[in-house]
Amino acid sequence: DSKGKLMIKEDQEVGQVTGTVYLNYIKAYGVVSFFALILFWSAEQAVRVLTNWYLSQWTQAEMDYMATGESFDRYAYVGGYLGFAFGFVALTSARSWMNLLSALHASKVIHWKTLAGLVRAPVLFFDVTPVGRILNRFSKDTDDVDFLLSMSMSEFGNCIMQLLSTLIFLAVIQPILLAGIVPIMGIYYIMQKYYRRSFIEMQRLDAISRSPIYSHFSESLAGVETIRAYRLETAFALSSDHKVDANHRAYFTLKMAGEWLAMRLDILGASIVFLTAILAITRRDLVTVSLAALTLSEALDVTLFLKSAVTSGAMFETRFNSVERLTAYWDLPQEKPAEIEDRKPDDDWPHDGVIEYEDVWMRYRPELDPVLKGVSFTINSGDKVGIVGRTGSGKSSLIVTLFRLVEPYEGRILLDGVNILELGLNDVRGRIAAIPQDPVLFSGSVRTNLDPYDKHSDVEIWEALSHVNLKEVVAGLDGGISATVAENGDNFSVGQRQLLCVARALLRQPRVLVADEATASVDSETDSLIQKTIRREFKQCTVVTIAHRINTILDSTKVLVMDSGVVAEYDTVPTLMGRADSSFRKMVLESDATTPSNSRANSRANSRANSSQNLAAMAASGGGGGGGSRLPKGLNTFVKRLQDEGEVDKK
């Protein structure tokens, strides 16, 4: 029962690679190029057989000359042999050149289509798929398609064509040989089919067992500090060893299967050589010595061709297992279109920033229970709304639906009266700015991180940096706004990365800003700076803040309290604090967000006039809801301190 499990088992095909996979590769390879390749192969092997036949004729002429003195034109034979040789070289070179170029084109097409399918996949796919599984396909499988598949196809094609041309030649010279070759070929067919069926499954097991190694290694790198802190290095090393051993078991079995096949194919090849030798002896009066020697030589080659044809064919099909795994990403579920031409909003939309949720229902996966259950509320233009709630209440899910990371299955979300669920994703996400809890920077320059689409001038970028007090910091870097940003922004502190994210949002001049507890990971000084910047620079914006700590949203215009996927409360701070049965009031008291002992909370509230006025209003109302005229001790002391410091009037 997979219900409730987050990670899904990696998909594994069963049986031989389907014709659809081969067809997809031929389309990427080029249909014309594929048939031209077959013609080149046929011509190449025809020239090879004719060259050997011509050499046997030359040898017979030399023998006749030595026996009877019959003269012949040796230079003509030399010229003819060189002509065949150069023709074979030309055909081989042309075939190899065309195969490599076409295979390169095919690998590019497959890679880009796989990447396109991946980046357009919904967030749900990445929630249930480990990163190591994706890395495995874009590393080992892509490497197989880029380099090994073209070599395997060339080797397999050569073996098949050489085997066919040799068998045709033997059948022409010794027709009776077919009576012995046909049953041998039947045994060969059964054996190679049995082997290939097992081989492809073992190869799949090898590929599947490799993914946990990548996943475990990447997870260990990401959490190496935690591993060392808990002294679990040995346990993680042993876990890695077990995963490597599991992969090696599959790989070892794969190699042993190859040895199993090689022995049996040697027996079949030796049988064909034995039949050819017997016929050469019994029919020596009907076949010249040179042709008999040539047929025996070609029969010896059959042993090699048989072994190579099966092993290279199995390896060829194995490489197509990589194509199969990559093309599986072509059919991933996709997000809604990035742009819908007949649903394009106005250039100045949204102009007011009014957000309306109307009976919105959402679940993260079809088999799971809904996390939003008929949510309805309205955020007016310019409101500063804080969203609070217990863990799992659905507060983050509201933002998920606003950015359409997961599509609601019922209801409407209106932004300035336009249903955003009917628009293209780029039109929705491009008009709403976000400041994430974990600041995200990408490898590149400061400029590309702030303005990835190159829509703003250098003057505007410097102005945005000055607003977040980073102008001097960036100016001191080598290159200024062209300075390099390390992977994940590691050459900046956490606070600086968060300020850069604020500057990025500031550049876009949005009407709607979403902040997911943007100050959760910074010190109090940077916290104060970020909060001041948001209040000053986004004064006219509609700001939606997901609050993991209550004291961060005490100066909000309204507070939205979520509980088990429904709106429990939605009102102003004084009104909610004035209700004795208010869930928000209980959260404030439980968190002790406004007691003097919480210096960080005091620092925030001390710098916010709106918060002071809200608390002063509560003090004036005596706490509101039936609790008498006394405020809780912590709130009362906090308001008194604000009065003493002049933050609110004595009255």
Side-chain angles (χ1 to χ4, degrees), residues 7-18 21 129-156 159 187-221 233-270 303-326 328:
M7 296 302 173
I8 60 174
K9 187 178 179 181
E10 185 170 8
D11 54 312
Q12 178 183 349
E13 299 292 336
V14 179
Q16 296 181 346
V17 177
T18 62
V21 178
T129 306
V131 175
R133 193 177 297 174
I134 299 174
L135 288 177
N136 188 18
R137 302 202 185 203
F138 277 88
S139 54
K140 180 62 171 67
D141 292 323
T142 301
D143 178 68
D144 285 350
V145 176
D146 282 347
F147 301 105
L148 302 181
L149 181 58
S150 61
M151 291 190 294
S152 294
M153 184 164 65
S154 180
E155 182 180 353
F156 178 60
C159 289
I187 298 173
Y188 162 78
Y189 175 77
I190 296 172
M191 190 179 300
Q192 64 87 25
K193 187 175 182 180
Y194 177 75
Y195 169 76
R196 286 173 56 228
R197 182 181 298 167
S198 304
F199 185 85
I200 190 65
E201 295 302 332
M202 287 185 284
Q203 186 65 35
R204 285 178 176 136
L205 287 175
D206 177 48
I208 293 293
S209 62
R210 197 184 305 114
S211 293
I213 300 175
Y214 288 102
S215 297
H216 185 271
F217 186 70
S218 61
E219 290 162 5
S220 299
L221 284 181
E233 299 95 331
T234 303
F236 272 77
L238 288 175
S239 177
S240 178
D241 290 344
H242 290 323
K243 290 175 171 57
V244 172
D245 289 343
N247 176 251
H248 283 180
R249 281 196 292 271
Y251 182 77
F252 180 78
T253 308
L254 196 65
K255 292 302 178 183
M256 290 303 99
E259 297 301 321
W260 176 93
L261 177 71
M263 183 180 69
R264 284 154 179 78
L265 290 181
D266 284 341
I267 295 174
L268 287 181
T303 304
L304 176 63
F305 295 155
L306 277 176
K307 186 186 299 184
S308 298
V310 178
T311 54
S312 62
M315 189 59 65
F316 176 62
E317 188 172 13
T318 299
R319 302 303 179 208
F320 263 93
N321 180 41
S322 296
V323 178
E324 181 181 57
R325 287 164 55 81
L326 288 173

Shortest non-hydrogen pair, A207 vs N136, comes out as O-ND2, 3.2 Å
Test your reading of the model: is there a side-chain donor-acceptor pair from S240 to the backbone of F236, 3.5 Å cut-off? no
Parallel, tilted or perpendicular for F199 and Y195, by the 30°/60° rule? tilted
Value for CG (L326) from OG1 (T142), rounded to nearest 0.5 Å, stands at 4.5 Å
Closest non-hydrogen contact found for L261 with M191 is CD1-CG, 4.2 Å
Sub-3.5 Å donor-acceptor pair from the side chain of R137 to the main-chain atoms of R325, do we have one? yes
Rounded to the nearest 0.5 angstrom, the NZ-CG distance for K243 and L238 is 11.0 Å
Hey, does the side chain of D141 reach the backbone of V323 with a donor-acceptor pair shorter than 3.5 angstrom? no
Taking atom OH of Y214 and atom CZ of F138, what is their separation to the nearest 0.5 Å? 14.0 Å
At what distance, to the nearest 0.5 angstrom, does CG of L135 lie from OG of S211? 9.5 Å
Taking atom NZ of K140 and atom CG of D206, what is their separation to the nearest 0.5 Å? 7.0 Å
Determine, for D245 against R249, whether the closest basic-nitrogen to carboxylate-oxygen distance falls under 4.0 angstrom. no
Atom pair CZ/CG of F320 and D144 - distance to nearest 0.5 Å: 12.0 Å
Look at the rings of Y194 and W260 and say which category their plane angle falls in: under 30° parallel, 30 to 60° tilted, over 60° perpendicular. tilted
Is there a side-chain contact (heavy atoms from CB on, under 4.5 Å) between L268 and L265 once you walk through the steps? CA-CA 5 Å; L268 287 181; L265 290 181; 4.2 Å; yes
